[in-house]
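Contents: one structure, followed by commentary.
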Amino acid sequence: AKSVFVLSDFAVKEKKLMYGIQALNITGALEDDIFQYKPNNIEDFGAYKNKLLTIARLDDKDKRIDILLVAYSKFLKKNPNSILVIGGSGSEYRNLINLSIELNIDANVKFVGFIPDEKLYDYYSSADLFVSIDCADFRITSYESMAMKTKVLLSSETDVDESLVKTGYYHLTEPTPEDTAINIEKALSSTTLSKNSDFINILKKYTWSSYFSKIEKIISD
């Protein structure tokens, strides 16, 4: 191949180690029209003070939804007026519901099953914080959430974009119950970038049109 493109610095190192090639980290995540989307309110969040959302396949242990539930139970002790909405389906669905019952937090956890694409942006927008502490170095869902002006909390395995960290919308945590509980609270209370246009301009680096333009330029040189 003339060029190999990957979505994270971790993947660049991985390709170098495994195949001895120099890959290029170019990232795409967003449709260009996402910034014009007018979201609808999702009633599942109700009138809670702290509205948390996670969306994942519920058949993959690497998604760490069980760890998130334990972390949330710790957070909930200090912040009882909170709701965690969990979107997704899979073989762990019933086990995770049972875990929420065992932790005595089921009244503040809502499993909504598979969320269709046409409602995804509405869910992102209705939340105060999107949490995804799964074992991954890049998550499109986190960029979609930020485009809806929702803060995100990701595991520390994620590539760090300092320009996003400085906006107050982008937060990382060690994927343990203790650290995640602490950083949920920190993320919710963080101050965000005051100039909306500046934040949007940062996110526009991650549109698919920008992604393909960069690739086209590289392969045409």
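If you're wondering where the values come from, they're calculated on a predicted model, not measured in any experiment.
We find the CG-OG distance between Leu153 and Ser132 to be 9.0 Å, quoted to the nearest 0.5 Å. Taking CD1 of Ile83 as the start and CG of Asp44 as the end, the distance is 8.5 Å to the nearest 0.5 Å. Summarising the geometry, atom CG belonging to Asp66 is positioned 11.0 Å from atom CG belonging to Leu58; distances are rounded to the nearest 0.5 Å. Rounded to the nearest 0.5 angstrom, Thr27 OG1 and Asp9 CG are separated by 8.0 Å. Atom CE in Met146 sits 13.0 Å away from atom OG1 in Thr192 (nearest 0.5 Å). Rounded to the nearest 0.5 angstrom, Ile42 CD1 and Asp122 CG are separated by 5.0 Å.
For Ser145 (side chain) and Thr141 (main-chain N/O), a donor-acceptor pair under 3.5 Å exists by modelled atom type. Without hydrogens or angle criteria, Thr173 side chain to Pro175 main chain gives no donor-acceptor distance under 3.5 Å. The closest donor-acceptor contact from the side chain of Lys2 to the backbone of Ile219 lies under 3.5 Å. With hydrogens and angles disregarded, a donor-acceptor distance shorter than 3.5 Å links the side chain of Ser190 to the backbone of Gly168. Side chain of Asp134 to main chain of Ala136: no donor-acceptor pair is present (N/O by atom type, distance under 3.5 Å, no hydrogens or angles). Formation of a donor-acceptor pair under 3.5 Å by the Ser213 side chain with backbone atoms of Ser209 is found in this model. Side chain of Ser210 to main chain of Tyr206: no donor-acceptor pair is present (N/O by atom type, distance under 3.5 Å, no hydrogens or angles). Distance alone, capped at 3.5 Å, is enough to place a donor-acceptor pair between the Thr54 side chain and the Val131 backbone.
With respect to the salt-bridge test (charged N to carboxylate O, under 4.0 angstrom), the residues Glu157 and Arg64 qualify.
Checking Asp59 against Ser91 by side-chain atom types alone, no donor-acceptor pair falls below 3.5 Å. No donor-acceptor contact under 3.5 angstrom links the side chains of Asp137 and Thr158, judged on distance only. Side-chain N/O atoms of Asn98 and Ser100 include no donor and acceptor closer than 3.5 Å. Of the N and O atoms on the side chains of Arg139 and Ser155, at least one donor lies less than 3.5 Å from an acceptor on the other residue.
At most 12 heavy atoms of other shown residues, nucleotides or ligands fall within 6.0 angstrom of atom CZ in Phe10. No more than 12 heavy atoms of other residues, nucleotides or ligands sit less than 6.0 Å from atom NZ of Lys110. Counting non-hydrogen atoms of neighbouring residues, nucleotides and ligands closer than 6.0 angstrom, the CD atom of Gln36 exceeds 12 such neighbours. Residue Glu43 places its CD atom among 12 or fewer non-hydrogen atoms of other residues, nucleotides or ligands, all under 6.0 Å distant.
With sequence neighbours left out, the ring-ring contact (aromatic ring centres under 6.0 Å, His included) criterion links Phe35 to no other residue.
For the salt bridge (charged side-chain N to carboxylate O under 4.0 Å, His left out) with Asp128, the qualifying choice from Lys51, Lys49, Lys151 is Lys51, the only one to do so. Of the candidates Asn81, Leu84, Leu52, Leu76, Asn108 forms a side chain to side chain contact (heavy atoms under 4.5 Å, CB included) with just one, namely Leu76. Residue Tyr123 is tested with Leu53, Asn40, Thr150 for a side chain to side chain contact (heavy atoms under 4.5 Å, CB included); the sole match is Leu53.
Taking the ring centroids of Phe138 and Tyr143, they lie under the 6.0 Å cut-off.
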